[in-house]
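The structure appears right after this line, and notes come after that.
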Amino acid sequence: MTNLIGTYECKADVKGRVMVPSALKKQLDPVAAGGFVIKRAVFQPCLELYPMEEWNALMDKMSKLNRFNRKNVDFIRRFTAGVKTVELDVSGRLNIPNDLALFAGITKDLVISSAINIVEIWDKEKYEQAIDDAANDFADLAEQVMGDVEDSDGIS
């Protein structure tokens with residue numbers, strides 16, 4: 001899977017279908033035949049769309065967790081709550097399941113944003129609020145996350 005690029009404003013129809021923007025659809029074409037998994041995000045009120053190969057790689061890691069450890073079992077249960085498989089239809093639309101749209105507060109206006117190897121799907125207002133909330137802290141966050149990288153490869 002290549003790194004996905006782009007943030008797109010979209011609209012959902014009354015049935016919860018979203019036309020995937022053509023620029024993103026082109027990036028997803030190599031993995032679209034395998035389908036996708038859509039789930040609740042862990043840290044934000046949005047949804048995450050995983051290409052099936054990315055989901056399977058994540059599940060391989062999670063399958064190594066000791067299932068006789070209560071925290072691991074609770075984590076697996078909560079992480080996979082509401083998980084659904086989805087596909088792009090022949091028109092390039094993605095159908096967002098009702099329960100997941102309700103979780104993320106998605107009604108009509110939404111944002112689809114690349115997040116390296118997955119896609120985040122947000123209610124537009126919540127996305128803008130999350131970006132605004134993080135704006136003041138981003139420099140500190142960047143320093144904390146990327147500043148201590150020992151194998152410096154010139155990322156700036």
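One is the number of the first residue; the rest follow in order along the sequence.
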Legend entry - Basic-acidic side-chain contact under 4.0 Å: K84, D99: yes

Inset, instruction - Check the hydrophobic clustering (I, L, V, M, F, W, Y; side-chain heavy atoms under 4.5 Å; chains of links allowed) and say if I96 and M19 are grouped together. - result: no

Legend entry - Exercise: identify the closest heavy-atom pair between V18 and A12: CG2-CB, 3.9 Å

Inset, instruction - Determine, using the 4.5 Å side-chain heavy-atom cutoff (strictly less than), whether V111 and F43 are members of one ILVMFWY cluster. - result: no

Inset, instruction - Is it possible for you to say whether I116 and I131 belong to one hydrophobic cluster, with membership spreading through side-chain heavy-atom contacts below 4.5 Å? - result: no

Legend entry - Pairwise distance CD1(I112) to CG(L94) - rounded to 0.5 angstrom: 7.0 Å

Legend entry - Rounded distance (nearest 0.5 Å) linking atom CD of E120 with atom OG1 of T7: 9.0 Å

Inset, instruction - Indicate the atoms forming the closest heavy-atom contact of E48 with V42, along with that distance. - result: OE2-N, 4.5 Å

Inset, instruction - Decide whether L4 and F36 are clustered together by the hydrophobic rule: side chain heavy atoms of Ile, Leu, Val, Met, Phe, Trp, Tyr closer than 4.5 Å, transitively. - result: yes

Inset, instruction - Assess whether side-chain contact (heavy atoms from CB on, under 4.5 Å) is satisfied between T80 and V83, documenting all intermediate values. - result: CA-CA 5 Å; T80 59; V83 169; 4.0 Å; yes

Inset, instruction - With the side chain counted from C-beta on, respond yes when D29 and K25 share a heavy-atom pair under 4.5 Å apart, and no when they do not. - result: yes

Legend entry - Separation of K126 NZ from I106 CD1 (nearest 0.5 Å): 8.5 Å

Legend entry - Hydrophobic cluster membership, M62 vs I118, 4.5 Å side-chain cutoff: yes

Inset, instruction - Would you please say whether a donor-acceptor pair under 3.5 Å links the side chains of Q129 and D133? - result: yes

Legend entry - Exam field: side chain E9 to backbone K124, donor-acceptor pair closer than 3.5 Å: no

Legend entry - Atom pair CG (N56) and NZ (K61), whose distance is rounded to the nearest 0.5 Å: 13.0 Å

Inset, instruction - Return the orientation label for the W122 and Y127 ring planes: parallel under 30°, perpendicular over 60°, tilted otherwise. - result: perpendicular

Legend entry - Test: K39 cationic atom under 6.0 Å from F79 six-membered ring centre, within 45° of axis: yes

Inset, instruction - Identify the two heavy atoms, one from R40 and one from L100, that lie closest to each other, and give their separation to 0.1 Å. - result: CG-CD2, 3.8 Å

Legend entry - Salt bridge K64-D60, side-chain N to carboxylate O under 4.0 Å: no

Legend entry - Over all atoms of both residues, closest heavy-atom pair of M52 and G34: CB-O, 3.4 Å

Legend entry - Distance, nearest 0.5 Å, that separates CG of L102 from CG of N98: 8.5 Å

Legend entry - Derivation and outcome, side-chain contact (heavy atoms from CB on, under 4.5 Å), residues D123 and D109: CA-CA 6 Å; D123 168 75; D109 295 320; 5.8 Å; no

Inset, instruction - Take atom CD of E125 as the centre, draw a 6.0 Å sphere, and report whether it contains more than 12 heavy atoms from other residues, nucleotides or ligands. - result: no

Legend entry - Gap separating the CG atom of L49 from the OG atom of S113, nearest 0.5 angstrom: 12.5 Å

Inset, instruction - Could you check I76 against R67 for side-chain contact (heavy atoms from CB on, under 4.5 Å), going step by step and ending with a plain yes or no? - result: CA-CA 9 Å; I76 292 167; R67 305 235 30 207; 3.8 Å; yes

Legend entry - Heavy-atom pair of closest approach, residues V86 and I38: CG1-CG2, 3.8 Å

Legend entry - Nearest heavy atoms of L110 and I121, plus distance in Å: CD1-CG2, 4.2 Å

